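For reference, the structure is listed below as C-alpha cells.
Chain letters run A, B, ... following the sequence lines, proteins first, then strands; residues in each count from 1. What you are looking at is a predicted structure, and each value in this text was computed from that prediction instead of being measured.
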Number of protein chains: 2
Amino acid sequence: MVTLSEVAREAGVSPTAVSRHLNRSIVLPKATADRIDEAVGRLGYRPNALAKRLSKGKAEAICLATPEISNPFFAELASAIESAAAERGYGVTLLSTRGRPAREIEAVNQLADRYFDGLIMIAARPDDGTLGDLIGRRQGIVLLDEDVPAARVPRIFVENAIGARLATEHLIAMGHTDIALIAGPMGLLSANERVEGFKATMAAHGLRVDEARMLHGEFTREFGHEAALAIARMSPRPTAILACSDYLSVGVLGALHDLGLSVPDDISLVGFDDMPLAELFDPPLTTIRQPIAEMGRIALERLLASLDGVEVPAMTRLPVELIVRKSVADIRGNARR
Amino acid sequence: MVTLSEVAREAGVSPTAVSRHLNRSIVLPKATADRIDEAVGRLGYRPNALAKRLSKGKAEAICLATPEISNPFFAELASAIESAAAERGYGVTLLSTRGRPAREIEAVNQLADRYFDGLIMIAARPDDGTLGDLIGRRQGIVLLDEDVPAARVPRIFVENAIGARLATEHLIAMGHTDIALIAGPMGLLSANERVEGFKATMAAHGLRVDEARMLHGEFTREFGHEAALAIARMSPRPTAILACSDYLSVGVLGALHDLGLSVPDDISLVGFDDMPLAELFDPPLTTIRQPIAEMGRIALERLLASLDGVEVPAMTRLPVELIVRKSVADIRGNARR
DNA sequence: CTCCGGCAATAAACCGCTTTACCGAAGGCT
DNA sequence: AGCCTTCGGTAAAGCGGTTTATTGCCGGAG
C-alpha cells in the first residue's frame with residue numbers, strides 16, 4: 001500500500017505539494033508537476049479512500065433504505081438512484097428494512113454515525129413517532145414514496161389520490177359499480193391518499209362504498225392473496241378490485257387463479273405502480289404507472305442539493321398515469337352477475 | 001458533533017480509557033465505567049464511523065457489482081447478500097455495471113482504494129483479459145454466477161450444464177426434437193456451459209443440432225425478442241425454444257405474443273434462472289431454478305471468510321432444479337407441424 | 001539599496017478514533 | 001524490607017490524507 005508520503009519522498013517534494021497538486025488546489029511549475037505525476041505512476045499510487053473521507057469529513061456515499069430490495073418496484077428505484085449517484089461520484093449503500101422499525105432506525109443512526117452523507121428513506125409502515133423524532137429536522141434525509149409525518153425533511157411523492165381516481169374512473173367507465181379496494185396499511189400516507197381518492201371518485205359518481213369492501217393490510221403478496229380470497233367470498237361478489245400496489249395485485253392474481261376465477265372475465269383488477277414485468281402477467285395488468293426512474297433521479301438530486309445546503313422544495317409530487325392493459329372487463333350493459 | 005475526547009473530559013478520564021471501555025478491550029472498576037457510560041449517554045456520543053474506519057483500516061462494507069440491479073434475478077441476489085451482510089455488521093454498496101467494462105474496472109479500483117473491504121462481482125460479459133489482470137490474485141474478491149477467467153479468486157456458480165441438460169431432457173421427453181437455443185454471449189462461462197449441456201444432451205439422444213438454430217447474444221430482453229423473431233421465421237419452425245435466461249424468455253414471450261403465436265400451443269419455451277414472478281407470466285414459465293438466496297448467502301460467507309484470511313474453496317457449484325409450469329406443450333405422437 | 005509582491009513550496013495542525021506500550025500505586029510473598 | 005504482580009489507567013504514535021498559515025527566495029519598483 002503506497003502512501004502519499006512515499007510519493008512525496010520519491011518526487012522530492014512535501015506531501016502537501018503532492019496532495020494539493022493531485023487535488024488541483026495549487027499550480028506547480030511543469031517540471032515539478034511532472035516529477036510528481038511520474039512518481040504517482042511509477043509507484044501506482046492510489047489515494048486511500050478511508051483517509052480521504054475522514055479528513056474531508058465526507059463519506060462520499062448515500063444510503064438507500066427500502067422496505068425490500070427484491071421487490072422489482074424498489075429495485076427499479078434503486079437502479080435509477082444508483083445510476084444518478086454514480087454520475088455524481090457518490091456510492092449507494094443498500095439497506096433493506098424488511099418492514100422492521102428497528103432497521104429504519106438503524107438507517108438513521110448510521111447516518112448520524114457518518115457512515116454516509118445522506119439517506120433516501122422509503123418508509124414501510126406507519127410511524128408511531130419514534131422514527132419521526134429521530135429524523136426530526138436532521139440534514140441529509142429525503143423521504144421517497146412514503147411519509148414519516150413528524151419529520152421536517154424534503155419529500156418526493158406521487159399523486160396518489162389522482163392515481164386512485166384514474167383507476168376508479170376507468171373501472172366505472174367500464175361498467176363496474178361494485179368495486180372492492182385492497183388498500184395498504186392503515187395510517188400510511190400513500191395508502192390513505194389512495195383510499196381517499198377512491199372514495200371521493202365513487203362518491204362523485206353517486207356510488208356507495210361499503211366499508212367492509214375496503215381491506216387494509218401490508219403491501220405484500222401475502223396480504224393481496226388473503227384479501228382476494230376474502231373478496232371472492234363476498235356476496236354479492238364485487239365485479240372489480242382496485243389493489244393499491246402491484247405487489248398486492250400479484251397476490252390477488254395468484255389467489256383468484258387458485259380459485260379458478262378468471263381475470264378479467266370473472267373479476268376485474270386494477271393495480272398501482274406499474275411495476276416492471278406487470279405487462280407480462282396473465283392477464284397483462286391494467287395499472288397506475290408511477291414514474292419510477294424519475295422519482296429516483298429527483299430524490300437523489302434533492303438529497304445532494306440539500307447536502308450542499310441549497311434550499312429544496314419541502315414536497316414534490318410526481319404525476320401518475322393510467323396504463324390500460326387486459327385485466328379489466330367491459331361489462332357495460334351486462335346484467336349484474 | 002461530540003467526540004471521544006469530549007466524553008473523556010466529561011468523565012474525567014483519558015480518551016484511551018473511553019475508547020477501550022467502549023470496545024471492551026479493558027475492564028474498568030464499576031464506578032469509572034459508570035461515569036463513562038453516563039457521559040456517553042448525557043452527551044449523546046456516537047463514534048464517528050469515518051474515523052473508526054480509518055484507524056481500523058476497515059471500511060466495514062462490501063460492494064456488490066451486478067450487471068443491473070433492476071433485473072429481478074440480481075435484485076433477489078442483492079437482497080440475500082444484504083441480509084447476510086447486515087447480520088455480520090457489514091454494509092453493502094451497490095454498483096450496477098450496466099454491462100460496461102469500465103464500470104467493472106471501477107469496482108475493482110474502488111476496492112483497491114479501500115472504499116470497501118470486499119467485492120462480490122457478477123460479471124456481465126466475456127473479459128478480454130483486462131479485468132482478469134486487475135483482479136489477479138487480489139484478496140477480497142469473489143466471483144458470483146459468472147466467470148472472469150484469468151482471476152485467481154473464489155467462485156460460486158451453479159451447475160449450468162446440468163441445468164441445460166434437465167431443460168433439454170424435459171423438452172425431449174415432451175416430444176420435441178427440433179429445439180432452438182437462445183444462448184448468452186459467446187465466451188461467457190455460464191453461456192458456454194449451458195450450450196455445451198444442451199448439445200451434449202441432444203447428441204445423447206441422437207438428435208442433431210443445427211448451428212443456425214443456436215443464437216448468441218446478450219442476456220437482455222431485447223436480444224430475447226430479436227432472437228424469437230428470427231426463430232419464428234425459421235422453416236421448418238422449431239417446436240421449442242430453450243432460452244438460457246429468464247430475462248431472455250421475457251423478450252421471447254413478448255415477441256411471440258406480438259406475432260400472434262401461442263406459447264406453448266405454437267411453440268414451447270423453457271427458461272433458465274426461475275426469476276421471481278416467472279410463475280405469473282402468461283404462460284407460467286417452465287424454467288431451471290437457481291437457488292438464488294443460497295447463492296447470495298454463500299457468496300457473502302466465502303467473501304468474509306477470505307477477508308479473515310481463511311482458505312475457501314476455489315469453486316463452489318450449487319445445484320439447479322427443473323421447475324415445470326405451463327410453457328411446454330406435450331407433442332408426443334403429434335405429427336410434425 | 002531597500003522594500004514589496006508574488007511564486008514555489010512546506011510545516012504542522014487536524015480529522016476522530018485505535019492501539020501499543022508503559023507507568024505508578026497498592027497489595028501479596030518471601 | 002525488598003521484589004513481583006495486579007490493578008487502573010494513560011501518553012503518544014499512528015491511520016493517510018487535507019488545509020491553513022507561513023517561509024524563503026527572487027525580481028522589479030521606488
* Asked: Would you call A:Glu38 and A:Arg42 a salt bridge, taking side-chain N to carboxylate O under 4.0 Å as the test?
  -> yes
* Could you give the CD1-to-P distance, from B:Ile26 to D:dC7, as a whole number of Å? -> 12 Å
* Which part of the nucleic acid, if any, lies within contact of A:Pro15, taking any heavy atom under 4.0 Å across all strands shown: a base, the sugar-phosphate backbone alone, or nothing? -> nothing
* Structure fact -> Between CG of A:Leu22 and P of D:dT18 the distance, given in whole Å, is 8 Å
* Grab the NE2-P distance between A:His21 and C:dT10 for me, whole Å please. => 13 Å
* For A:Asn48 and D:dC15, is the shortest distance between a side-chain N/O and OP1 or OP2 below 4.0 Å? -> no
* Can a side chain N or O of B:Ser19 be found less than 4.0 Å away from OP1 or OP2 on C:dT18? -> yes
* Asked: Checking all strands, does B:Val27 fall into the base, sugar-phosphate, or nothing category for heavy-atom contacts under 4.0 angstrom?
  -> nothing
* Under 4.0 angstrom between A:Thr32 side-chain N/O and C:dA9 OP1 or OP2 -> yes
* Rounded distance (Å) that lies between atom C1' of D:dC15 and atom CZ of B:Arg114 -> 11 Å
* Structure fact -> Side-chain contact check for B:Ala51: nearest option of C:dG16, D:dT19, C:dA8 is C:dG16
* **A:Glu68 and B:Ser79 side chains, donor-acceptor separation under 3.5 Å** => yes
* Asked: Starting at the 5' end of DNA chain D, which residue's closest nucleotide do you reach first, A:Ser25 or B:Gly12?
  -> B:Gly12
* Describe the nucleic acid contact of B:Leu4 in one word from base, sugar-phosphate, nothing, applying a heavy-atom distance below 4.0 Å. => base
* To do: Start with the C-alpha distance between A:Gln110 and A:Cys63, add both sets of side-chain angles, then the distance that settles side chain to side chain contact (heavy atoms under 4.5 Å, CB included), and finish with yes or no.
  => CA-CA 9 Å; A:Gln110 288 192 11; A:Cys63 174; 5.8 Å; no
* Asked: For D:dT18, does either OP1 or OP2 sit under 4.0 Å from a side-chain N or O belonging to A:Ser55?
  -> no
* Asked: Atom CG of A:Leu54 and atom C1' of D:dT18: how far apart are they, to the nearest Å?
  -> 10 Å
* Any donor-acceptor N or O pair under 3.5 Å, side chains A:Asp128, A:Thr130 -> yes
* Structure fact -> dist B:Asp147:CG -> B:Leu143:CG (nearest 0.5 Å) comes out at 6.0 Å
* Is it true that A:Glu82 and B:Arg103 have a side-chain N and a carboxylate O under 4.0 angstrom from each other? -> yes
* To do: Describe the nucleic acid contact of A:Thr3 in one word from base, sugar-phosphate, nothing, applying a heavy-atom distance below 4.0 Å.
  => sugar-phosphate
* Structure fact -> note: A:Lys52, atom NZ; C:dG16, atom P; distance rounded to Å ~ 19 Å
Would you list the protein and nucleotides 23-25 of chain C atom pairs, both N or O, that sit under 3.5 Å from each other?
none

* Going by distance alone, is a donor N or O of one side chain under 3.5 Å from an acceptor N or O of the other, for B:Lys58 and B:Tyr90? -> yes
* Kindly say whether, by distance alone, the side chain of B:Arg20 makes a donor-acceptor pair under 3.5 Å with the base of D:dT10? => yes
* **Euclidean distance, atom NZ of residue B:Lys58 to atom P of D:dG16 [Å, nearest integer]** => 15 Å
* To do: Given side chain to side chain contact (heavy atoms under 4.5 Å, CB included), test A:Phe73 with A:Gln290 step by step and report yes or no.
  => CA-CA 10 Å; A:Phe73 178 75; A:Gln290 300 200 42; 3.7 Å; yes
* Using only heavy-atom distances, decide whether a donor-acceptor pair under 3.5 angstrom links the side-chain of A:Thr16 to the base of D:dT19. => yes
* How close or far is atom P of C:dG16 from atom CG of A:Leu50, stated in whole angstroms? -> 15 Å
